Undergrad: 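Sharing a structure below in C-alpha cells format, with a few things to ask.
In what follows, chains are A, B, ... by sequence order, proteins preceding strands, each numbered from 1. None of the values given here were measured: they were computed from a predicted structure.
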2 protein chains.
Amino acid sequence: MQHETANWEAAREEFIAQWGALGSNWGINRTMAQIHALLMTAPESMYTDEIMQRLHISRGNANTNLRELVGWGLIRLVVKKGERREYFEAEKDVWKMFLTIAKERKRRELDPALGVLKGCAEQTKNEGAGPGRDFHNQMKELQEFVEFGMKVSDTVSSMKHASALQWAMRLLG
Amino acid sequence: MQHETANWEAAREEFIAQWGALGSNWGINRTMAQIHALLMTAPESMYTDEIMQRLHISRGNANTNLRELVGWGLIRLVVKKGERREYFEAEKDVWKMFLTIAKERKRRELDPALGVLKGCAEQTKNEGAGPGRDFHNQMKELQEFVEFGMKVSDTVSSMKHASALQWAMRLLG
DNA sequence: TCTTACTTTCAGATACTTCTGAAAGTTCGT
DNA sequence: ACGAACTTTCAGAAGTATCTGAAAGTAAGA
C-alpha cells in the first residue's frame, strides 16, 4: 500500500468532532475540546501550524486555546532541543486527566459558591424565629453540604489510581 | 415597626444575584439559576407574575425557565384549590437537590460521551500494533473509566442521605 | 357562547462568546 | 544590529444564546 492513510484516522476524526460538540454541554468551548481531543490521540507532540491545519482554525484561535489548555494543566509545552518552535502534548493517563479536571472544576464551581453561602449565613446569623431563621438555616445546610463535598473530592484527589479503584470496588461490591 | 422589610431579605437578594452569576460557570443560564434561588428561599410558593416582578424579567423568559426547571425536577408546579393560576415551589432538601442535579448532569454529560467512546473503540477493534492499536486502547480506557464513574454515581444516587453520610464518614475518617 | 384570567409561543432585538487575520512583539543565530 | 522564525495580541466579524413583548392559545365560569 502506497500512502497508508490508516483507517483509524477516520475514527479519530469522528472522536475529535464529537468531543468538540460535547465540550459545549460541558461548558468548555468547542475549539478547546477539539484541540484536546486531537492532542490526546496524537502519536507525537504537535506544533501550532499543524494544529491549525488539522482543525481549520486561525492562528489566534489556536494560540488562545492552547494557552488555556496549558492553564488547565491538560496539555504541556515541550521544547525540542535544537528547535525553535513550541510543541504540545496531552496528558494521556486517564486518572491524571480526571484529577486535573476535578480540581479545576472544584476551583471554578465550588469555591465561589461556598463564599456566597458563607456570606449569606453570616449576615443572617442573628435572625430570630420565622422566615429569616429559615433562610439562615438553609444557607447553613447548603454550606455544610458543599464543604462536605469538597472534603470528599480532596480525599479522592489525593489517592493514587490503584487505591481509588480499590476503594470504589468496596463501595460497589 | 411599620413595614418590616425584614433584613434577611437583603441577604436573600444577595444570594439570588450571586447564585445567578454562578449558574454561568455551571453551564446553567443566569435566569434559571436566579428563579431557582428565589424559589429555594421563598417561604411560600410563588406564581409567574410575582417572579417576573421580583426578578425584573419578561413573561416569556419567566415561563420558559420555569418550564425548564420543572423539567430538571428542581421545582414543581402546585395547584391551589379554587385558584386558576399555577404556583411553583422548589425542593428544599439539599440531598434530594443534589441527587436531581447529579442525575441530570450524568444524563447530559456522561451518557453522550460514552456513546462516542464506544463507537470509536468498536470501529478500531481490529487495528494491529502501532498508532491504530494505541488509539483503540485509549478509547477503551476512557470508556471503562466513564462506565466506572457512572456506576459509582448510580450507587451513591440510590443511597438514602443517612447511609451516604455514613459511607462518606468512613472514607474521610 | 362570551369574557376573563391566565399560559404558551415566537420573531426580532440585545447581549455575550468565539473566531479571524493582520500587525506587533519576541527570541535566536549570525 | 539585523533578519528569520516563531508567538502573542486585539479590533472587528461572525456566530450563539438569551430575552422581550405582543399575539395567539387555552380553559373555566357566567
Undergrad: Return the value, rounded to whole Å, for the distance between atom NZ of Lys80(A) and atom C1' of dA5(D).
TA: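 After rounding, the reported distance stands at 17 Å.
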Undergrad: If you compare every side-chain N and O of Arg85(A) against the phosphate oxygens of dC6(D) (OP1, OP2), does one of them come in below 4.0 Å?
TA: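 Yes, Arg85(A) has a side-chain N/O under 4.0 Å of OP1/OP2 on dC6(D).
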Undergrad: Mark yes or no for whether Arg133(A), through its side chain, and Glu127(A), through its backbone, hold a donor-acceptor pair below 3.5 Å.
TA: yes
Undergrad: Tell me which residues in residues 52-69 of chain A put a heavy atom below 4.0 Å from DNA chain D, sorted by number, or none.
TA: Arg59(A), Gly60(A), Asn63(A), Arg67(A)
Undergrad: Rounded to whole Å, how long is the line connecting atom CD of Glu50(B) with atom P of dT7(C)?
TA: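 Value for this atom pair: 11 Å.
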Undergrad: Please list, pair by pair, any protein nitrogen or oxygen found under 3.5 Å from a nitrogen or oxygen in nucleotides 24-30 of chain D.
TA:
unit_1, atom_1, unit_2, atom_2, d
dA27(D), N3, Arg84(B), NH2, 2.7

Undergrad: Contact between Lys151(B) and Phe148(B) at the side-chain level, heavy atoms closer than 4.5 Å - yes or no?
TA: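 Answer no - side chains too far apart.
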Undergrad: Show me the protein contacts with nucleotides 11-15 of chain C, counting only N or O atoms at under 3.5 Å.
TA:
none

Undergrad: Whole Å only: how far is the CZ atom of Arg30(B) from the C1' atom of dA17(D)?
TA: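 About 12 Å, once rounded to whole Å.
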Undergrad: Judged by atom type as modelled, is there a donor-acceptor pair below 3.5 Å linking the side chain of Glu104(B) to the main-chain atoms of Ile101(B)?
TA: no
Undergrad: Could you tell me how far apart Phe88(A) (CZ) and dT8(D) (C1') are, to the nearest whole angstrom?
TA: 12 Å
Undergrad: Looking at Thr31(B), I'd like to know whether one of its side-chain N or O atoms comes within less than 4.0 Å of OP1 or OP2 on dT18(D).
TA: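 No, Thr31(B) has no side-chain N/O under 4.0 Å of OP1/OP2 on dT18(D).
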Undergrad: Any salt bridge linking Lys96(B) with Glu141(A)? Criterion: basic side-chain nitrogen under 4.0 Å from a carboxylate oxygen.
TA: no
Undergrad: Can you measure Tyr87(B) atom OH to dC6(C) atom C1' for me and round it to whole angstrom units?
TA: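 Rounded to the whole Å, the gap is 12 Å.
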Undergrad: Can you tell if the side chain of Arg59(A) reaches within under 4.5 Å of the side chain of Asp49(A), non-hydrogen atoms only?
TA: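 Side-chain contact under 4.5 Å: yes.
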Undergrad: Using heavy atoms to find the nearest nucleotide of DNA chain C for Thr48(B) and Asn29(A) separately, return the residue whose nucleotide is more 5′.
TA: Thr48(B)
Undergrad: Would Glu86(A) and Arg67(A) pass as an ion pair if we require N to O under 4.0 Å?
TA: yes
Undergrad: How many whole angstroms separate atom CD1 of Ile28(A) from atom C1' of dT17(C)?
TA: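 One finds 15 Å between C1' of dT17(C) and CD1 of Ile28(A), rounded.
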Undergrad: Evaluate the criterion side-chain contact (heavy atoms from CB on, under 4.5 Å) for residue pair Met139(A) and Thr41(B); output intermediate values, then yes/no.
TA: CA-CA 9 Å; Met139(A) 292 299 106; Thr41(B) 56; 4.0 Å; yes
